[in-house]
Amino acid sequence: MNTVRTRIAPSPTGQDLHIGNAYTALINYVFAKKYGGEFVIRIEDTDKTRFVEGSEERILASLAWLGLRHAEGPDIGGPFNPYRQSERLEVYKKYAEELIEKGHAYYCFCTSDRLAAMRKDQEANHEAPMYDGRCRELKTQSSKLNAQKEPCVIRLRVPDEGVTVFHDEIRGDISFENKLIDDQVLLKSDGYPTYHLGVVVDDHLMKISHIIRGEEWISSTPKHVLLYQFFGWKPPLFAHMPLLRNPDKSKLSKRKNPVWVGDYINKGFLPEAILNYLATMAWMHPDGKEIFSVLEMVGAFNLLAIQTTAPIFDIEKLRWMNGEYLRKTQSSKLKVQIFDFYNGKYDQNLIERTIPLVIERMKTLAEYRSLAEFFFIRPEEFERPVDKKLVGIASKALESTEWNHDAMEAAIRLETEKAGMKAKDVFMELRVAITGKTVGPPLLESLEILGKEDTLIRLSLAK
RNA sequence: GCCCUCGUCGUCUAGCGGCCUAGGACAACGGGUUUUCAGCCCGUGAAUCAGGGGUUCGAAUCCCCUCGAGGGUACCA
């Protein structure tokens, strides 16, 4: 078997790596690893109008954050440089012209106005919107000359007859009638290739063995297959992943869901949890396990077992899984993650001491703040006013006790009993006075960390 | 409209002709542990397997049709 080489080909047209790209990246990565192959990144920056400055850097950074390491890419180079399509324009031009020579493509001089009008008519007549082929029969020689001075594109000449079939590794054979396939533009008038020319040429040149991409590409795959045929190249294997969806079942979009990996980083999710969750969207561990690492996935992975139905992305379940990972993380490591998440705002040693008290209550790193901020800063706001009398009881009990859980508890219960009050109420009052909130980590253990002096000051300040 | 893909609890799924009066997880709800909230443990409800026809002794599982959902239909990817 030839070397397995997979790739993801993101476009720098959004603010960051799309979570759907992270999902296909994961599968491509795992598949490559499974067979000891390479996972590469190619940037498809062929749409100048949608280009977003800094997008590529953030995409690469998010991939690195997730731990999906690539063997070749625009940042680290590789044997098939360059890995940015905008730097490969000559290559596409050459191959597009080769297709013209072979009669499988032609120059098209139609203006976008004409094309728009044409489509409008077709729509009115209930016809499929397709290029009408006006430039199809232009003489190649004269077209070639005109192409020097007039803006034009190069279109694929799709056969009028026949059927194009391809095999999808997870869905089986899929066929399309050629007469329904449009004469796709391959090279735009600005000299940039369209996606279709770009992918085929680069995947071939970069020796990509398996194309694992989103389901939205199924309908354009026959165009790609035709291109492989016309070039006389051996096509790679195709596999189309089910699309991630919004709760309303439409394709996952930023209107309805956080879609950027950066959004998830900011919400305090862990990369391991995101990857694990994404994995379960498309694939099930043969043992039925829900929590598993990328490494475990590599061992048990099977492309054929990829799901065919498009899953709805459920943030609640991701949150649950993230909580599971949080609890699995060693506190020495977690302390650094929390420290970094809050940009060093909280003292690391103190963070570490508070972790056992809050970890069971957290689903994301972002929840640490509301749970534990009182350890670092005296509360300025109180969820509700405190009862002076009850606080007084707690205060009196704590003033003269040893500073450990059992002694504190005994003292408070004793003092409460003397006053004829309920211990439960005093504990709650104490909690609000110390933390400003009615819910939080275990009280007495928190006081142990806070220390007697600070506790008593807080009690005297509470109102 | 046309083309393509898909269709098991609210969600993610197990299931590959009898083990299914359909199992698990998240979510929901109830209970226990408890000074709060979590966590943990126990339990409850939740899918006439989209619908209809076949095939078969027997179908969630195979075939056909219908319906539904999604994707595509750009000089965007």
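First the proteins, then the strands, lettered A, B, ... as listed; each starts at 1.
- Distance check: R369(A) CZ to L371(A) CG gives 12.5 Å after rounding to the nearest 0.5 Å.
- At a threshold of 4.0 angstrom between heavy atoms, the contacts of G288(A) with the nucleic acid are absent.
- Between the base of C75(B) and the side chain of T194(A) there is no donor-acceptor pair shorter than 3.5 Å.
- The partner of G43(B) is C29(B), judged by Watson-Crick or G-U wobble contacts that both fall below 3.5 Å.
- Below 30°, between 30° and 60°, or above 60°: for Y264(A) and F269(A) the angle between ring planes is between 30° and 60°, a tilted geometry.
- The local environment of CD in E417(A) is sparse, with at most 12 non-hydrogen atoms from other residues, nucleotides or ligands closer than 6.0 Å.
- With G70(B), C6(B), G24(B) as the candidates, the nucleotide lying closest to the side chain of T308(A) is C6(B).
- Each of G1(B), U5(B), C12(B) was ranked by its minimum atom distance to the side chain of P129(A); first place goes to G1(B).
- Between E216(A) and E177(A), it is E177(A) whose nearest contact on RNA chain B lies nearer the 5' terminus.
- No option in R384(A), K424(A), K389(A) other than R384(A) meets the salt bridge (charged side-chain N to carboxylate O under 4.0 Å, His left out) test with E429(A).
- In this structure, L252(A) places its CG atom 16 Å from P of U11(B), rounding to the nearest Å.
- Around the NZ atom of K267(A), the shell of radius 6.0 Å holds no more than 12 heavy atoms that belong to other residues, nucleotides or ligands.
- Contacts of V185(A) with the nucleic acid, taken as non-hydrogen atoms under 4.0 Å apart, involve only primed sugar atoms and P, OP1 or OP2.
- Atoms CG (L243(A)) and C1' (G71(B)) sit 7 Å apart, rounded to a whole Å.
- When all heavy atoms are compared, the tightest approach of T280(A) to E290(A) is CG2-O, 4.0 Å.
- Comparing atom distances between the R50(A) side chain and each of U11(B), U36(B), C76(B) picks out C76(B) as nearest.
- Picking from C75(B), U5(B), U13(B) the nucleotide with the shortest atom distance to the side chain of R119(A) gives C75(B).
- Across all strands shown, C16(B) forms no Watson-Crick or G-U wobble pair with both key distances under 3.5 Å.
- Residue I218(A) places its side chain closer to C4(B) than to any other of G39(B), C4(B), A74(B).
- In this entry U35(B) has no Watson-Crick or G-U wobble partner, no candidate having both defining distances under 3.5 Å.
- Counting non-hydrogen atoms under 4.0 angstrom, P311(A) reaches the backbone sugars and phosphates but no base.
- No contact: P242(A) has no heavy atom under 4.0 Å from any strand.
- Between I174(A) and A423(A), the one whose closest nucleotide on RNA chain B sits nearer the 5' end is I174(A).
- Checking C12(B), C75(B), A38(B) against every side-chain atom of R361(A), the shortest atom distance belongs to A38(B).
- The nucleotide U55(B) finds no pairing partner, because no Watson-Crick or G-U wobble arrangement with both distances shorter than 3.5 Å includes it.
- With a cut-off of 3.5 Å on both pairing distances, the Watson-Crick or G-U wobble partner of C67(B) is G7(B).
- With a cut-off of 3.5 Å on both Watson-Crick or G-U wobble distances, the partner of U73(B) is given as G1(B).
- Minimum atom distance to the side chain of M284(A) is reached by A14(B), of the listed C76(B), U36(B), A14(B).
- Looking at the side chain of E360(A), the nearest of the listed nucleotides A38(B), C12(B), G70(B) is A38(B).
- M130(A) comes within contact range of no nucleotide atom at all, as no heavy-atom separation falls under 4.0 Å.
- Under the Watson-Crick or G-U wobble criterion, with both distances below 3.5 Å, A22(B) has no partner in any strand shown.
- Between the OH atom of Y192(A) and the P atom of A77(B) there is a distance of 12 Å, rounded to whole Å.
- When heavy atoms are screened at a 4.0 angstrom cut-off, Y195(A) is found touching base atoms of the nucleic acid.
- In this structure a side-chain-to-backbone donor-acceptor pair under 3.5 Å is missing from R171(A) to H167(A).
- The aromatic rings of H224(A) and W217(A) sit tilted relative to each other, their planes meeting at an angle between 30° and 60°.
- Panel note: side chain T401(A), backbone L398(A); no donor-acceptor pair is recorded below 3.5 Å.
- Atom pair R213(A):CZ and G72(B):C1' shows a separation of 13 Å (rounding to whole Å applied).
- Between W320(A) and C26(B), no base-stacking contact is recorded for ring centres under 5.5 Å apart and planes less than 30° from parallel.
- Using a 4.0 Å cutoff on non-hydrogen atoms, the parts of residues 399-406 of chain A near RNA chain B are H405(A), ordered by number.
- In this structure, the OH atom of Y92(A) is 11 Å from the P atom of A77(B), given to the nearest Å.
- Listed in residue order, the members of residues 10-22 of chain A having a heavy atom less than 4.0 Å from RNA chain B are S11(A).
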